[in-house]
Amino acid sequence: MDATIDDTPPAPPVAPDARRARALVVAVTATVVFVTLRLVVALSGSAPLPVDVWWDDAMSAIASPVGVIVAWVPAIVGGTIGMIVIGVATSVLFLVRRRPWDALNVAASIALVVAIGAPLAAVIARQRPEHSLAETVATSFPSGHTAVATTIAVTLGLILRRRWVWAVGAAWVVLMMWSRTYLHAHWLSDVVAGALEGVVVATLVWAVLEVARERRAQPAAVAGA
């Protein structure tokens with residue numbers, strides 16, 4: 001009886017994204033810096049740090065009606081409603097383009113950064129600057145606006161892999177940090193902490209989903225061999 005020998009070579013394993021290791025290093029580093037900054041703020045009794053006072057005074061010195069209007073633009077766009085609209089629109093766009101993993105990445109990142117940041121800010125209960133032109137509730141550390149802005153910027157940068165996406169994302173984060181301190185809604189250390197939180201969440205969620213996507217693709221590659 002003839003035996004049929006399958007000479008088809010096995011499907012090559014799905015190569016892991018080389019950026020994943022770097023993303024994890026960045027996540028760990030950002031976490032360490034965030035925890036260190038939190039300890040410094042805690043040791044100060046949650047009072048503004050010297051650099052916070054200096055920056056707040058600098059923003060007051062350059063205050064103008066036009067500047068306040070400009071500062072409110074990212075504050076509104078990056079607020080709760082704006083965040084939901086941007087997150088849903090981006091996720092839907094990825095779904096339309098048949099990129100469900102990327103849609104999940106955006107949605108999960110935004111949901112997680114809010115789920116972590118909002119309770120954390122409430123527990124820490126750091127007072128905002130007394131002359132805040134925006135929120136006055138004692139939930140200053142970390143900055144939620146900055147955390148979400150950073151999360152979206154880093155997530156899209158990792159997904160789309162375009163330098164211009166990173167450049168636009170970085171500009172958006174800097175603008176948001178300036179906006180929140182210009183309106184005296186946050187201290188400088190608050191927005192720095194928010195940016196660090198966003199980096200940690202975005203890189204970790206992306207790395208975890210990349211692992212899940214590779215493991216999901218592996219059986220499919222073997223079955224198609």
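Values below: all heavy atoms of this structure, side chains included; hydrogens, waters and symmetry mates excluded.
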Nearest 0.5 Å please: distance from the [atom1] atom of [X] over to the [atom2] atom of [Y].
X	Y	atom1	atom2	result
Met176	His145	CE	NE2	6.0 Å
Leu188	Met59	CG	CE	9.0 Å
Met83	Thr151	CE	OG1	10.0 Å
His186	Trp55	NE2	CH2	15.0 Å
Gln127	Thr136	CD	OG1	9.0 Å

Verdict with reasoning, Trp187 to Thr181, per side chain to side chain contact (heavy atoms under 4.5 Å, CB included):
CA-CA 6 Å; Trp187 303 106; Thr181 54; over 6 Å; no
Partners meeting salt bridge (Lys or Arg N to Asp or Glu O under 4.0 Å) with Arg161 (sequence neighbours left out)
Asp17
Go through the structure and list residues passing salt bridge (Lys or Arg N to Asp or Glu O under 4.0 Å) with Arg126, not counting sequence neighbours.
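For Arg126 the salt bridge (Lys or Arg N to Asp or Glu O under 4.0 Å) partners, ignoring immediate neighbours, are Asp52, Asp190.
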Quick test of your reading: applying ring-ring contact (aromatic ring centres under 6.0 Å, His included), list the pairs with at least one residue in residues 114-142, sequence neighbours left out, ordered by first then second residue.
Phe34-Phe141, His131-His184
Identify, with sequence neighbours excluded, every residue that meets ring-ring contact (aromatic ring centres under 6.0 Å, His included) alongside Phe94.
none
Hey, any chance Leu160 and Val173 share a hydrophobic cluster, counting ILVMFWY side chains that come within less than 4.5 Å of each other, even indirectly?
yes
Tell me every residue that passes side chain to side chain donor-acceptor pair (under 3.5 Å) with Thr150, counting only those two or more places apart in sequence or in another chain.
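Residues passing side chain to side chain donor-acceptor pair (under 3.5 Å) with Thr150: none at all.
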Residues which pass side chain to side chain donor-acceptor pair (under 3.5 Å) with Trp172, listed by chain and number, not counting sequence neighbours
none
Holding to side chain to side chain contact (heavy atoms under 4.5 Å, CB included), I want the full list of residues that pass it with [X], two or more places apart in sequence or in another chain.
X	answer
Val96	Val92
Val168	Trp164
Val53	Pro48, Asp57
Ala71	Trp178, Ser179, Tyr182, Leu183

Verdict with supporting geometry, Arg215 and Glu210, side chain to side chain contact (heavy atoms under 4.5 Å, CB included)
CA-CA 9 Å; Arg215 291 183 177 178; Glu210 280 300 301; over 6 Å; no
Taking distance alone, no hydrogens or angles, what donor-acceptor pairs closer than 3.5 Å link side-chain atoms of residues 22-29 to residues at least two apart or in another chain?
residue: Thr29; atom: OG1; partner: Val25; partner atom: O; Å: 2.8

Within a 6.0 Å radius of atom CD1 on Ile81, are there more than 12 heavy atoms belonging to other residues, nucleotides or ligands?
no
Return a table of donor-acceptor pairs under 3.5 angstrom between the side chains of residues 104-123 and protein atoms on other chains or two or more places apart.
residue: Asn105; atom: OD1; partner: Ser109; partner atom: OG; Å: 3.2
residue: Ser109; atom: OG; partner: Asn105; partner atom: O; Å: 2.7

